Colleague: 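Below you'll find the structure I mean.
None of the values given here were measured: they were computed from a predicted structure. First the proteins, then the strands, lettered A, B, ... as listed; each starts at 1. The analysis underlying the following values was restricted to heavy atoms, covering all of them including side chains, and did not include hydrogens, waters or symmetry mates.
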Protein chains: 4
Amino acid sequence: MAKPNVIKKEDLITAAKECLVEKGIEKFTLRAVADVAMVTQGTIYYHFRTKEQLLLEVVKDICDGSWKELSQINEDVISQAIISAKSRCSHDSFFHKLFLTLVVTGFNNDKIREQLGNILMQENEALSKSILKLWTKSPIEGVSIETWGVFLNAIVDGLALQALVSKNCSIENTFEELEQLIIGLDRLTNLGDGK
Amino acid sequence: MAKPNVIKKEDLITAAKECLVEKGIEKFTLRAVADVAMVTQGTIYYHFRTKEQLLLEVVKDICDGSWKELSQINEDVISQAIISAKSRCSHDSFFHKLFLTLVVTGFNNDKIREQLGNILMQENEALSKSILKLWTKSPIEGVSIETWGVFLNAIVDGLALQALVSKNCSIENTFEELEQLIIGLDRLTNLGDGK
Amino acid sequence: MAKPNVIKKEDLITAAKECLVEKGIEKFTLRAVADVAMVTQGTIYYHFRTKEQLLLEVVKDICDGSWKELSQINEDVISQAIISAKSRCSHDSFFHKLFLTLVVTGFNNDKIREQLGNILMQENEALSKSILKLWTKSPIEGVSIETWGVFLNAIVDGLALQALVSKNCSIENTFEELEQLIIGLDRLTNLGDGK
Amino acid sequence: MAKPNVIKKEDLITAAKECLVEKGIEKFTLRAVADVAMVTQGTIYYHFRTKEQLLLEVVKDICDGSWKELSQINEDVISQAIISAKSRCSHDSFFHKLFLTLVVTGFNNDKIREQLGNILMQENEALSKSILKLWTKSPIEGVSIETWGVFLNAIVDGLALQALVSKNCSIENTFEELEQLIIGLDRLTNLGDGK
DNA sequence: CATGAATGAGGCTTCATTCAT
DNA sequence: AATGAATGAAGCCTCATTCAT
């Protein structure tokens with residue numbers, strides 16, 4: 001009956017992610033995860049002592065992934081931001097659905113919230129740092145370059161949220177204009193330099 | 001205080017909201033709602049056919065409220081946006097927690113998503129319309145005024161999300177700079193006009 | 001589906017007792033109780049918030065019963081003790097099985113132990129008090145009359161234990177001799193008086 | 001300390017005893033035993049075919065131990081009984097807790113009950129035999145010397161039970177009086193002889 | 001010998017829902 | 001109009017047991 005050494009923790013985490021996106025936190029049941037991973041519930045308990053633990057490891061996994069991604073962003077903020085935004089909204093709504101689901105779950109789970117809070121902060125910082133390399137001064141007086149990172153991050157998340165909620169997305173269009181916005185801001189910066 | 005036993009339904013919806021924020025969708029149980037409303041579970045079933053129905057009426061209630069609020073926004077987009085943003089983030093995180101919770105619930109419930117999609121769209125439109133009254137042209141080339149509404153809305157939601165997740169928020173500061181951003185954009189518009 | 005107002009708490013407690021005796025603490029399962037009471041497990045949870053609560057109420061019920069019994073013992077200690085002993089051992093091993101089961105359960109449950117400790121103490125005291133009325137002095141020097149109560153109680157419990165463990169009980173016989181023992185002690189007392 | 005990995009089976013039985021006393025039969029789990037013995041559950045199955053088997057061997061071990069102890073009782077019944085009683089009640093409640101736990105478990109397991117029944121009987125007999133050597137006639141008419149063994153055994157068990165249940169034991173005191181009781185009975189015997 | 005991974009049955013508990021009152 | 005008793009399905013979790021290594 002026992003088939004040792006077949007399933008890895010990673011597989012279970014992947015299955016858990018799938019369930020979270022597919023069914024939402026409300027119906028995120030260990031039976032569902034077990035079914036997707038084609039294992040028994042007992043197996044899940046062998047690897048994670050509790051449901052919450054599994055959830056936490058899902059969060060950790062996402063954070064680690066996000067961290068890896070961030071550490072590779074170096075220069076081209078614009079394209080990077082747009083790509084990231086698009087990827088999260090359209091062809092890969094998976095990630096953003098998962099992310100928002102966990103954020104909301106975090107409202108009532110400090111451990112989760114803390115971890116997610118960290119990546120958001122890191123994202124902000126990474127964006128700010130990258131922008132600093134591009135812009136010598138802020139395109140708009142009164143808005144520090146650091147804060148531009150926060151705004152950019154916020155706008156990407158906000159658009160993602162809209163995309164997830166509104167099916168009929170003229171979102172494609174919006175993203176093009178987001179690109180234009182950044183180009184425009186860039187230009188403003190140089191303009192200021194030129195003076 | 002007077003006339004108890006009369007507006008029951010609204011009371012239940014209020015209680016439901018409280019529970020949603022307090023416990024999250026995961027532990028949003030009819031017993032909890034009943035306890036908060038100081039009623040029995042049976043009473044809930046007298047007023048709502050089912051748990052989902054209660055949830056839908058909560059969503060509807062929020063949408064109606066949002067709609068009323070929107071119809072009062074007329075002119076001063078800037079202050080309005082800032083106030084709204086601030087209120088949702090700091091002293092009244094209640095609303096935004098509730099909103100995001102429902103958004104995530106909507107990921108797996110089309111009826112809910114549709115309604116929430118509508119308010120987001122209305123918010124976008126209302127903001128765009130108001131901006132149109134202020135700006136004769138867009139401060140940044142390539143970004144339509146309509147889209148500015150979308151961006152503004154997105155940034156407000158995105159910042160709210162950050163505020164909810166990061167406890168130690170230097171958010172106060174960020175909002176001031178958001179105000180500066182809008183002022184700056186405003187100036188850019190007039191600048192273009194003047195030329 | 002719902003059949004209100006049919007089962008009373010008492011019935012559930014009775015069913016629980018039966019299960020405890022029939023299956024032992026090891027297999028004292030709520031499903032079993034539900035089956036015996038011909039109810040669903042949910043019903044048990046409506047009346048007792050938890051399994052332990054049910055167990056505690058069983059203990060309380062026994063203690064109350066024991067207390068009532070004790071408060072009726074007045075004079076004839078001898079016959080009373082013998083009757084009690086016999087009843088607990090032979091035709092009503094039910095009680096003693098239940099009692100010992102709960103005692104052992106109490107080893108790892110302070111609330112239970114405390115309650116059972118109380119009845120034991122009360123039994124001791126009741127016996128001592130009754131003996132005091134019969135004997136003006138102790139039949140054996142160095143053994144206080146109070147302690148005779150403790151010894152009597154201990155011997156009754158000890159015999160019961162033996163009766164429960166040894167099937168082929170020549171217990172009947174033993175009880176008759178217990179009666180003789182008490183008569184003999186009684187005689188010793190008077191003997192001392194006569195001097 | 002030397003030669004680990006050798007007497008495994010005994011170690012497991014010892015660990016099992018510890019678990020039984022520590023957690024009670026209810027939570028007597030193989031995982032717990034494995035943890036205490038610092039082995040894996042699999043290892044237990046290497047040595048015992050089943051959980052019940054382990055339990056039975058625990059019982060057997062106790063019975064053997066008890067048997068050894070009994071075969072050493074020769075003469076001094078009084079001191080022996082008191083010592084045994086005290087040891088079981090106070091500084092070594094371990095044994096009595098274990099014993100009673102197994103007794104209760106035996107209520108629903110004939111193999112266990114039979115074995116425990118045997119030791120009880122052997123104890124009775126051993127005590128009776130020893131008493132016979134001391135007393136030429138019974139101190140109380142109508143109570144056979146054989147039965148005195150049974151009573152002594154019962155009283156020791158009964159007191160142990162009280163000691164285990166009542167925390168705040170004036171038990172120390174009681175044991176001294178038990179000693180006095182036996183001395184007194186002894187005197188009665190000789191008294192009868194002298195006449 | 002011993003282990004660790006896996007199983008599946010069953011335990012406790014929660015919860016939406018129903019129904020008689 | 002409202003309640004409280006009851007249900008049954010399902011959730012989380014534990015545990016004895018098996019098996020490949």
Colleague: Atom NZ of C:K8 to atom P of F:dA6: distance rounded to whole Å?
Modeller: 11 Å

Colleague: With rounding to the nearest 0.5 Å, note down the distance linking CG in B:L116 to CD1 in B:I62.
Modeller: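 Answer for the CG-CD1 pair, B:L116 versus B:I62, is 7.5 Å.
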
Colleague: Considering only NZ, NE, NH1 and NH2 on the basic side and carboxylate oxygens on the acidic side, decide whether B:K60 and B:D64 come within less than 4.0 Å.
Modeller: yes

Colleague: Is there a side-chain contact between B:F107 and B:I112, using heavy atoms and a 4.5 Å cut-off?
Modeller: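 No; the side chains remain at least 4.5 Å from each other.
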
Colleague: C:L98 and C:L102: side chain to side chain contact (heavy atoms under 4.5 Å, CB included), yes or no, with the steps?
Modeller: CA-CA 6 Å; C:L98 181 53; C:L102 290 174; 4.1 Å; yes

Colleague: Distance check needed: E:dC15 C1' versus B:L30 CG, whole Å only.
Modeller: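 To the nearest whole Å, that distance equals 8 Å.
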
Colleague: Run the side-chain donor-acceptor check on residues 17-35 of chain D: report pairs under 3.5 Å with partners two or more places apart or on a different chain.
Modeller:
| from | atom 1 | to | atom 2 | distance (Å) |
| --- | --- | --- | --- | --- |
| D:K17 | NZ | D:D61 | OD2 | 2.5 |
| D:T29 | OG1 | D:R31 | N | 2.9 |
| D:T29 | OG1 | D:A32 | N | 3.2 |

Colleague: Can you tell me which residue pairs pass the side-chain hydrogen bond (donor to acceptor under 3.5 Å, both in side chains) test with a partner in residues 103-114 of chain B, sequence neighbours excluded?
Modeller: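 For residues 103-114 of chain B, and leaving out neighbouring residues, the side-chain hydrogen bond (donor to acceptor under 3.5 Å, both in side chains) pairs sorted by first residue read B:E52-B:N109, B:D110-B:R113.
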
Colleague: Under the 3.5 angstrom rule, does the side chain of B:T101 hit a backbone N or O of B:K97 as a donor-acceptor pair?
Modeller: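 Such a contact is found between B:T101 side chain and B:K97 backbone.
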
Colleague: Between A:R31 and F:dG11, is there a contact of a side-chain N or O with OP1 or OP2 at under 4.0 Å?
Modeller: yes

Colleague: Nearest whole Å is fine: how far is E:dT18 P from B:I44 CD1?
Modeller: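 About 14 Å, once rounded to whole Å.
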
Colleague: Tell me every residue that passes side chain to side chain donor-acceptor pair (under 3.5 Å) with D:T40, counting only those two or more places apart in sequence or in another chain.
Modeller: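 Expected list: D:T43.
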
Colleague: Starting from C1' on E:dG8, measure out to CG on A:D35 and report it in whole angstrom.
Modeller: 14 Å

Colleague: Which residues in residues 12-28 of chain C have at least one heavy atom lying under 4.0 Å from any atom of DNA chain F?
Modeller: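 Heavy-atom contacts with DNA chain F come from no residue of residues 12-28 of chain C; none.
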
Colleague: Once Watson-Crick and G-U wobble pairs under 3.5 Å are found, how is DNA chain E written in dot-bracket notation, 5' to 3', with | for any base paired to another strand?
Modeller: .||||||||||||||||||||

Colleague: Take atom OH of D:Y45 and atom P of F:dT17, then tell me their distance rounded to the nearest Å.
Modeller: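 Result: 3 Å.
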
Colleague: Tell me: CG of D:D11 to P of E:dA2, nearest whole Å?
Modeller: 11 Å

Colleague: Counting the atoms with a prime plus P, OP1 and OP2 as sugar-phosphate, which does D:T29 contact under 4.0 Å by heavy atoms, base, sugar-phosphate, or nothing?
Modeller: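 Contact class for D:T29: sugar-phosphate only.
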
Colleague: Tell me whether the side-chain N/O atoms of A:T40 come closer than 4.0 Å to OP1 or OP2 in E:dT7.
Modeller: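 Affirmative; the distance criterion is met.
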
Colleague: Where does the angle between the aromatic ring planes of A:F99 and A:H96 fall among parallel (under 30°), tilted (30 to 60°) and perpendicular (over 60°)?
Modeller: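 Rings of A:F99 and A:H96: tilted, 30 to 60°.
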
Colleague: Using heavy atoms to find the nearest nucleotide of DNA chain E for C:G42 and D:M38 separately, return the residue whose nucleotide is more 5′.
Modeller: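 It is D:M38, whose closest nucleotide lies nearer the 5' terminus.
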
Colleague: With heavy-atom distances below 4.5 Å as the criterion, would you say the side chains of A:L120 and B:L161 are in contact?
Modeller: yes

Colleague: List the atom of B:F48, the atom of B:L12, and the distance in Å for their closest heavy-atom pair.
Modeller: CE1-CD1, 3.7 Å

Colleague: Do any of residues 47-60 of chain A sit with a heavy atom less than 4.0 Å from DNA chain F, and if so which?
Modeller: A:T50, A:K51

Colleague: By nearest atom, which of the nucleotides E:dA16, F:dT7, E:dC12 is closest to the B:Q41 side chain?
Modeller: E:dA16

